[in-house]
Amino acid sequence: MSPTVSPPLVFQRCRWCHTPSFRRVLCPACGSGELDEERSAGMGVVRSIRVVRQASAAPQAVAVVELEEGVRVRSVVLGGKCGPGGVFVGARVELTTAAGSSAHRPTFRLTASPLTR
């Protein structure tokens, strides 16, 4: 299986207070409109998770992922069911372009890296 190349995940950082944010017009901390774009390394940790079930599709793990750069994004996490051996709070994830990826929401997959914090 060949590795997939993930698209860059771009977030904003306030030019004045350096607070990171995702898809915002104004800084959530100081209200400045001067936001510079930065590329994320695409690595993060699951901070919360919810399983979304739809009648016509398989359950999906929708999570808040805290990126290494400090910004939190709502995303879909692939690579397992919820619970032991699957997606759980504290699991390490990385950005991916797998089947099922959404243009509206970043998609991550579980990594084999150990837990953090």
Side-chain angles (χ1 to χ4, degrees):
M1 182 180 208
S2 63
T4 59
V5 176
S6 58
L9 181 59
V10 178
F11 66 97
Q12 297 86 21
R13 188 174 303 274
C14 179
R15 191 174 295 165
W16 298 104
C17 71
H18 307 289
T19 299
S21 60
F22 186 66
R23 295 184 181 163
R24 300 290 290 254
V25 177
L26 300 174
C27 173
C30 72
S32 170
E34 296 184 41
L35 303 175
D36 294 323
E37 289 189 345
E38 293 184 22
R39 281 186 170 196
S40 170
M43 300 298 291
V45 176
V46 174
R47 292 297 178 207
S48 70
I49 186 160
R50 183 175 53 132
V51 178
V52 177
R53 290 178 171 79
Q54 297 175 346
S56 62
Q60 216 177 29
V62 177
V64 173
V65 172
E66 183 176 353
L67 300 173
E68 289 178 343
E69 294 83 7
V71 67
R72 290 183 178 208
V73 298
R74 187 179 310 187
S75 61
V76 173
V77 178
L78 307 174
K81 57 187 178 190
C82 294
V87 182
F88 57 93
V89 173
R92 297 272 306 151
V93 292
E94 65 182 343
L95 190 65
T96 187
T97 56
S101 295
S102 168
H104 303 299
R105 195 177 282 167
T107 302
F108 290 84
R109 67 180 170 89
L110 294 174
T111 66
S113 301
L115 300 178
T116 61
R117 291 191 235 186

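These numbers come from the heavy atoms of this one structure, side chains and all, not from hydrogens, waters or symmetry mates. The structure presented is a predicted model; accordingly, all values stated were derived computationally and were not measured.
With hydrogens and angles disregarded, no donor-acceptor distance shorter than 3.5 Å links the side chain of Q12 to the backbone of E38. Of the possible donor and acceptor atoms, one in the side chain of R13 sits under 3.5 Å from a partner among the backbone N and O of H18.
V73 and V89 fall within a single hydrophobic cluster, where Ile, Leu, Val, Met, Phe, Trp and Tyr are joined by side-chain heavy atoms under 4.5 Å apart, directly or via other members. Residues F108 and I49 are members of one and the same hydrophobic cluster, defined by side-chain heavy-atom contacts under 4.5 angstrom among Ile, Leu, Val, Met, Phe, Trp and Tyr. Under a hydrophobic-cluster definition in which Ile, Leu, Val, Met, Phe, Trp and Tyr are linked whenever side-chain heavy atoms come within less than 4.5 Å, directly or via other members, V77 and F22 are assigned to the same cluster.
Among L67, V65, V71, the single residue meeting the side chain to side chain contact (heavy atoms under 4.5 Å, CB included) criterion with L9 is L67.
With respect to the salt-bridge test (charged N to carboxylate O, under 4.0 angstrom), the residues E69 and R39 do not qualify.
Across every non-hydrogen atom of C17 and C14, the tightest pair is N-SG, 3.4 Å. Across all non-hydrogen atoms, the minimal contact from L95 to P8 is CD2-C, 4.5 Å.
For the atom pair SG (C30) and CH2 (W16), the distance works out to 9.5 Å, reported to the nearest 0.5 Å. Taking CZ of F88 as the start and CG of L110 as the end, the distance is 7.5 Å to the nearest 0.5 Å. Rounded to the nearest 0.5 angstrom, R50 CZ and Q60 CD are separated by 10.0 Å. Once rounded to the nearest 0.5 Å, the distance linking CZ of R47 with CD of E66 reads 4.5 Å. Taken to the nearest 0.5 Å, the CZ atom of R74 stands 11.5 Å off from the CZ atom of R23.
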*Determine, stepwise, if the pair L26 / R24 fulfils side chain to side chain contact (heavy atoms under 4.5 Å, CB included).*
CA-CA 6 Å; L26 300 174; R24 300 290 290 254; over 6 Å; no
